[in-house]
Amino acid sequence: MKLKKYMLIDLSLLIGIGVVIEALGIFVFNFMLRATVITSAVSLLVMVVAITRWRWKGLICAPFLALATIISGRFFNPHLDFRALYGWELYLSTLGSLLSLSVNLIWFKYIDYNKTFKSIGLSLGLCLMDIVVSQVTLSLLYMAFTASKDFLILGFLAWNAFSFVLLLVGVYCFKRQNVLIDVEVDMKEKSQERIDDSDFRLNIEEENVEKEKGDLKDGESS
């Protein structure tokens, strides 16, 4: 399968699964808590996976996940008095916070994904960076779009706490399942391994043929 086709299928699956779980998660978390605005269920985790696997192309997931958040919060929120808060201001703020995870591209430029996800400490560091960057961006954008004087960083940290847990648990599980890889780099490495293995087998076969020829000559001379 060509890389581009594989990428389209992979990103489509990430978007589809992410949107469904995000919408369901926002509903469940709002049902469990009387929180003002919950902006993430699994969207942070999906974005980390998408960006790790496809780099900047993984950012395409962000608008769909943000839309799932708004639709769930606005139309299925069991707390009717909070539904109106899920408007365009929160959509753009949520979208901006998800796009801010492009900071991972800078991280991977200096600490590649193999090294990151082989180390629990580095994996945790990446997750904590994503949490801080996304929530600060979310708070600043929401404050700007709503013309509010309140910097709601502590509120968003509390309201989105479940998503942080899912991010940490998901990264730990996915790194063990070899999901958190740069697909293009991984394919190139596997392709080179197949070429090297093929060359090795060919060399062995040539050596065996030469050896058999030598044995035949020795037998004829004797």
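Both Leu65 and Trp56 sit in one connected hydrophobic cluster of ILVMFWY residues. Membership requires side-chain heavy atoms under 4.5 Å apart, directly or through other members. In the hydrophobic clustering of ILVMFWY residues, with side-chain heavy atoms under 4.5 Å counting as a link, Val132 and Met129 come out together. Criterion: ILVMFWY side-chain heavy atoms under 4.5 Å apart, direct or through other members. Under it, Val42 and Val20 are not part of a common hydrophobic cluster. When hydrophobic clusters are built by joining Ile, Leu, Val, Met, Phe, Trp and Tyr residues whose side-chain heavy atoms come closer than 4.5 Å, directly or via intermediates, Leu122 is not grouped with Tyr172. No path of Ile, Leu, Val, Met, Phe, Trp and Tyr side chains, each step under 4.5 Å between heavy atoms, connects Leu157 with Val165, placing them in separate hydrophobic clusters.
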Check your understanding: Yes or no on side-chain contact (heavy atoms from CB on, under 4.5 Å) for Leu126 and Phe108, after CA distance, side-chain angles and deciding distance?
Key -> CA-CA 10 Å; Leu126 179 71; Phe108 292 137; 4.1 Å; yes
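The structure places CD1 of Ile111 at 12.0 Å from CD1 of Ile106, a figure rounded to the nearest 0.5 Å. Between atom CG of residue Asn30 and atom CZ of residue Arg83 there is a gap of 10.0 Å, rounded to the nearest 0.5 Å. For the atom pair OG of Ser123 and NZ of Lys115, the computed distance is 12.5 Å after rounding to the nearest 0.5 Å. To the nearest 0.5 Å, atoms CG (Leu138) and OG (Ser93) are separated by 6.0 Å. We find the CD1-CG distance between Ile51 and Leu98 to be 9.0 Å, quoted to the nearest 0.5 Å. Note that the CG atom of Leu141 and the CD atom of Glu89 stand 12.0 Å from one another [nearest 0.5 Å].
Enclosure of atom NZ in Lys57 by more than 12 non-hydrogen atoms of other residues, nucleotides or ligands within 6.0 angstrom is indicated. Crowding of Trp88 atom CH2: a count of heavy atoms from other residues, nucleotides or ligands under 6.0 Å exceeding 12.
The side-chain heavy atoms of Leu152 and Tyr142, taken from C-beta on, include a pair separated by under 4.5 Å. Using a 4.5 Å cut-off on side-chain heavy atoms (C-beta onward), Phe117 and Asn178 make no contact. Between Asn104 and Lys109, every side-chain heavy-atom pair lies at or beyond the 4.5 Å cut-off. At a threshold of 4.5 Å between non-hydrogen side-chain atoms, the residues Val183 and Leu3 count as touching. In this structure, the side chains of Phe31 and His79 stay at 4.5 Å or more apart for every pair of heavy atoms. Residues Leu85 and Leu90 are not in side-chain contact: their nearest non-hydrogen atoms beyond the backbone lie 4.5 Å or more apart. Contact annotation: the side chain of Phe156 approaches that of Val37 to within less than 4.5 Å [non-hydrogen atoms, C-beta and beyond].
In this structure, Tyr113 and Ile181 approach most closely via the heavy-atom pair CE1-CA, 3.4 Å. Of all the heavy atoms in Thr116 and Trp107, the pair that sits closest is OG1-NE1, 2.9 Å. For the pair Phe76 and Phe27, the tightest heavy-atom approach, listed with the atom from each and the gap, is O-CD1, 2.9 Å. Between Ser134 and Leu44, the shortest heavy-atom distance links the atoms OG-CD2, 3.9 Å. Ser72 approaches Ala23 most closely through the heavy-atom pair OG-O, 2.6 Å. Across all non-hydrogen atoms, the minimal contact from Ile153 to Val136 is CD1-N, 3.7 Å.
Every residue two or more places apart in sequence or in another chain that forms a side chain to side chain contact (heavy atoms under 4.5 Å, CB included) with Ile120 is listed here: Lys175. Shown here are the side chain to side chain contact (heavy atoms under 4.5 Å, CB included) partners of Ser102, two or more places apart in sequence or in another chain: Leu59, Leu105. Residues meeting the side chain to side chain contact (heavy atoms under 4.5 Å, CB included) test with Leu95, sequence neighbours left out: Ala62, Pro63, Ala66, Tyr91, Leu99. Remark: Leu11 pairs with Met7, Leu14, Ala50, Trp54, Ile60, Cys61 by the side chain to side chain contact (heavy atoms under 4.5 Å, CB included) rule, at least two apart or across chains. In this structure Ser139 satisfies the side chain to side chain donor-acceptor pair (under 3.5 Å) test with no other residue, sequence neighbours excluded.
Side chain of Asn77 to backbone of Leu80: no donor-acceptor contact under 3.5 angstrom is found. The closest donor-acceptor contact from the side chain of Asn160 to the backbone of Thr39 lies under 3.5 Å.
Checked against the 6.0 Å centroid threshold, Tyr86 and Phe75 do not count as a close aromatic pair. For Phe29 and Phe162, the gap between ring centers is short of 6.0 Å.
With 3.5 Å as the limit, one finds a donor-acceptor pair spanning the side chains of Glu22 and Thr69.
Within the structure, every pair that satisfies the side-chain hydrogen bond (donor to acceptor under 3.5 Å, both in side chains) test and touches residues 40-53, not counting sequence neighbours, is listed here: Tyr6-Arg53, Asp10-Arg53, Ser40-Ser43.
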